[in-house]
Amino acid sequence: MTTRPDRGGDPPPRPPGAPAIPAQPGPEAAAGGPPPTAATAPATEEPAAADPAVDAVTEPAPRPDRAQYGVVAVLALVGGFVIFDATTRVGSAINTADPIGPKPVPILLGVLLLVIAVIYAVDVARGGAGEPEAGEDVDLSLPIDWRTVLLLVGAFLVNAVLIDRLGWVISGTILFWGSAYALGNRHYVRNLLIAVALSLITFYTFAIGLGVDLPAGVLQGIL
């Protein structure tokens with residue numbers, strides 16, 4: 001009778017000695033504390049804005065590669081020499097077939113070389129540098145093979161000294177054969193035959209195809 005509601009729907013009164021039913025704790029009390037309020041709830045911390053001046057990685061300013069100034073000097077010297085040679089040694093004969101004359105082209109080339117030298121010097125001063133060669137079969141860590149370089153230079157010098165005395169066919173044969181030897185080819189007889197064939201082909205190509213006679217040297221009258 002004490003737990004059933006009466007006919008009006010209201011719960012019946014409890015006897016005086018019945019203990020009061022405690023209120024059921026909510027999920028906040030079950031977690032071990034009172035429910036947070038606006039005054040007690042911790043404020044959510046917002047991430048501090050990143051300072052670009054602090055986060056930016058300070059990279060050292062690129063230093064100019066002073067060795068590149070040698071290339072600049074060579075370009076400037078070649079350009080100046082071309083202009084000097086064109087203005088002092090090249091004639092100014094003009095005919096109907098060539099109304100411009102022989103001077104403007106070398107002067108233009110010399111001026112372009114000087115302009116390139118100036119632009120290159122400015123780029124080097126600002127820290128510009130060319131990218132290293134990234135060949136698949138080239139080891140950039142190895143030193144320069146000076147033996148090969150000197151052998152190639154020697155082959156070209158021998159050709160320059162002997163071309164007027166012995167003729168292009170003989171000096172060209174020495175040039176081609178010596179270049180193959182400097183680059184590591186040790187098929188001496190085969191290289192000699194190929195060198196002779198290349199010299200003869202270039203000799204007759206210039207003579208017949210271009211109308212330019214290369215020095216025949218000691219083979220004058222035979223070729």
Side-chain angles (χ1 to χ4, degrees), residues 59-169 171-176 178-180 182-183 198-199 201-203 205-217:
E59 297 181 357
R63 297 181 178 179
D65 187 4
R66 299 186 182 278
Q68 300 299 322
Y69 287 116
V71 181
V72 174
V74 171
L75 290 174
L77 288 176
V78 172
F81 176 77
V82 170
I83 295 175
F84 174 78
D85 186 71
T87 55
T88 57
R89 296 182 56 187
V90 178
S92 58
I94 299 177
N95 52 32
T96 56
D98 186 12
I100 298 178
K103 285 187 177 183
V105 174
I107 292 176
L108 177 62
L109 292 177
V111 171
L112 290 177
L113 285 174
L114 292 178
V115 171
I116 293 174
V118 173
I119 296 175
Y120 193 22
V122 173
D123 182 68
V124 173
R126 296 177 62 182
E131 296 182 0
E133 183 181 359
E136 295 181 357
D137 56 347
V138 177
D139 190 356
L140 300 178
S141 62
L142 295 178
I144 299 176
D145 188 1
W146 289 109
R147 178 179 179 275
T148 302
V149 174
L150 293 177
L151 286 175
L152 287 173
V153 172
F156 278 92
L157 290 178
V158 169
N159 173 68
V161 171
L162 299 180
I163 188 172
D164 290 330
R165 302 177 182 179
L166 301 181
W168 164 252
V169 174
S171 65
T173 299
I174 297 174
L175 173 63
F176 296 139
S179 299
L183 296 175
L198 289 175
S199 300
I201 290 173
T202 52
F203 181 84
T205 299
F206 273 84
I208 299 174
L210 302 177
V212 178
D213 294 329
L214 295 178

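Taking each heavy atom of S179 and L152 in turn, the nearest pair found is CA-CD2, 3.9 Å. The two residues A207 and D213 have their closest heavy-atom pair at CB-OD1, 4.0 Å. Nearest heavy-atom pair, L151 versus A182, reported as atom, atom and distance to 0.1 Å: CB-CB, 3.4 Å. For A117 against A76, the heavy-atom pair with the smallest separation is CB-N, 3.9 Å. The two residues D164 and P215 have their closest heavy-atom pair at OD1-CG, 3.9 Å. Contact detail for L214 and F203: the closest heavy-atom pair is O-CE1, 3.4 Å.
Side-chain contact between N159 and I174 is absent, with no heavy atoms from C-beta onward closer than 4.5 Å. Residues V124 and V71 fail the side-chain proximity criterion, which asks for heavy atoms closer than 4.5 Å. Counting heavy atoms from C-beta outward, V158 and S171 have side chains that stay 4.5 Å or more apart.
Residues meeting the side-chain hydrogen bond (donor to acceptor under 3.5 Å, both in side chains) test with S199, sequence neighbours left out: T173. For D145, the side-chain hydrogen bond (donor to acceptor under 3.5 Å, both in side chains) partners at least two apart in sequence or on another chain are T148.
Of the residues listed (V115, V122, I116), the one engaging I119 in a side-chain contact (heavy atoms from CB on, under 4.5 Å) is V115, and it is the only one.
L108 contributes atom CG, which lies 9.5 Å from atom CG of L113 (distance to the nearest 0.5 angstrom). A distance of 9.0 Å separates CG of L112 from CD1 of I83, quoted to the nearest 0.5 Å.
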